[in-house]
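What follows is a set of notes on a single structure, which appears directly below.
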Amino acid sequence: LMEEIYNGIKKKTNNLSTNSKKNGKEALIITLFDTHYGEEINRDGKVIYNFEIADERVKHYMRIAMDTYNACADDIDEVYFVLGGDNIDGDGTVYPHHIQEIEDSFNYQMLRYWKIVLESMHNFSKLIGDKRLNIIGVAGNHGSNKRNTVAHPIRDNYDTGLYLFISSY
């Protein structure tokens with residue numbers, strides 16, 4: 001599916017005129033949702049999803065986003081990274097058998113995701129130069145701290161902590 005989307009974008013952007021800019025700003029919006037860093041899925045004894053696969057998928061997606069930017073760079077004034085919920089898989093408390101699908105602690109999940117996203121944003125920052133780079137984060141249900149019964153669903157969400165770290169960089 002990602003390849004189909006990429007090829008569709010590439011086909012459309014190859015035909016863009018360098019003078020196609022309309023009045024006002026144009027923005028590239030890059031969304032990254034539900035990567036579930038920390039989840040390990042096994043089917044019939046074979047690992048079909050884990051940290052390494054998540055890393056490769058995010059890197060591939062970021063290459064597509066950078067190619068899209070390059071194809072439209074003259075028309076783009078700013079870039080938005082929209083980081084949706086469930087980019088980490090959490091502490092294993094979302095559903096009864098969730099803990100059995102967790103590859104490592106939520107701290108390691110956050111560190112692993114933080115590194116790959118910061119690397120991507122750093123590369124994007126170099127690519128876009130002085131254009132504005134915006135980060136928007138949304139908390140998900142896998143980041144909720146269900147063990148803490150007084151935790152605020154957004155403020156005390158692991159996703160929120162992750163996005164605060166990323167945006168402070």
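- Residues Phe124 and Ile30 have side chains in contact (heavy-atom distance under 4.5 Å, counting atoms from C-beta outward).
- Here Tyr37 and Tyr108 keep their ring centres 6.0 angstrom or further from each other.
- With values rounded to the nearest 0.5 angstrom, Ile76 atom CD1 is found 6.0 Å from Tyr69 atom OH.
- The CG atom of Leu133 lies 10.5 Å from the CG atom of Leu127; values are rounded to the nearest 0.5 Å.
- Put simply, CG on Asp159 and CD on Gln109 are 10.0 Å apart, with the number rounded to the nearest 0.5 Å.
- Residues Asn134 and Glu78 have side chains that bring a donor and an acceptor to within less than 3.5 angstrom of each other.
- No continuous path of hydrophobic side-chain contacts links Ile88 to Val138 [ILVMFWY only; heavy atoms under 4.5 Å].
- Inspection of the His142 and Asn87 side chains reveals no N or O donor paired with an N or O acceptor under 3.5 Å.
- Residues Asn123 and Met62 have side chains not in contact (no heavy-atom distance under 4.5 Å, counting atoms from C-beta outward).
- You'll find the side chain of Lys131 stays beyond 4.5 Å of the side chain of Val79, heavy atoms only.
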What verdict does the side-chain hydrogen bond (donor to acceptor under 3.5 Å, both in side chains) test give for His98 and Asp89, after you've listed the backbone C-alpha separation in whole Å, the side-chain angles of each residue and the deciding distance to 0.1 Å?
CA-CA 9 Å; His98 185 216; Asp89 208 46; 2.8 Å; yes
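- Looking at heavy atoms from C-beta onward, Val58 lies in side-chain contact with Leu32 at the 4.5 angstrom threshold.
- Evaluation of the salt bridge (charged side-chain N to carboxylate O under 4.0 Å, His left out) test over residues 100-121, restricted to residues two or more places apart or in two chains, returns Glu52-Arg112, Asp55-Arg112.
- With values rounded to the nearest 0.5 angstrom, Tyr163 atom OH is found 13.0 Å from Phe81 atom CZ.
- Across Met110 and Gly161, no two heavy atoms sit closer than the pair CE-C, 4.0 Å.
- Distance check, rounded to the nearest 0.5 Å: OG1 of Thr35 to CG of Asp86 gives 8.5 Å.
- The backbone N or O of Ala139 lies less than 3.5 Å from no partner atom in the side chain of Asn157, so there is not a single donor-acceptor pair.
- Within the model, atoms CG of Leu28 and CG of Asp77 stand 11.5 Å from one another, a figure rounded to the nearest 0.5 Å.
- The shortest distance between side-chain heavy atoms of His60 and Arg57 does not fall below 4.5 Å.
- Hydrophobic clustering of Ile, Leu, Val, Met, Phe, Trp and Tyr side chains at less than 4.5 Å, counting indirect connections, keeps Leu118 apart from Ile136.
- Minimum heavy-atom separation, Leu83 to Met121: CD1-CE, 3.9 Å.
- Across all non-hydrogen atoms, the minimal contact from Glu40 to Val47 is CG-CG1, 4.4 Å.
- There is a path of hydrophobic side-chain contacts, each under 4.5 Å, that joins Ile41 to Ile53.
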Start with the C-alpha distance between Lys59 and Ile116, add both sets of side-chain angles, then the distance that settles side-chain contact (heavy atoms from CB on, under 4.5 Å), and finish with yes or no.
CA-CA 8 Å; Lys59 287 177 185 177; Ile116 194 100; 3.4 Å; yes
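- Residues Asn42 and Tyr49 bring no donor and acceptor atom of their side chains to less than 3.5 Å of each other.
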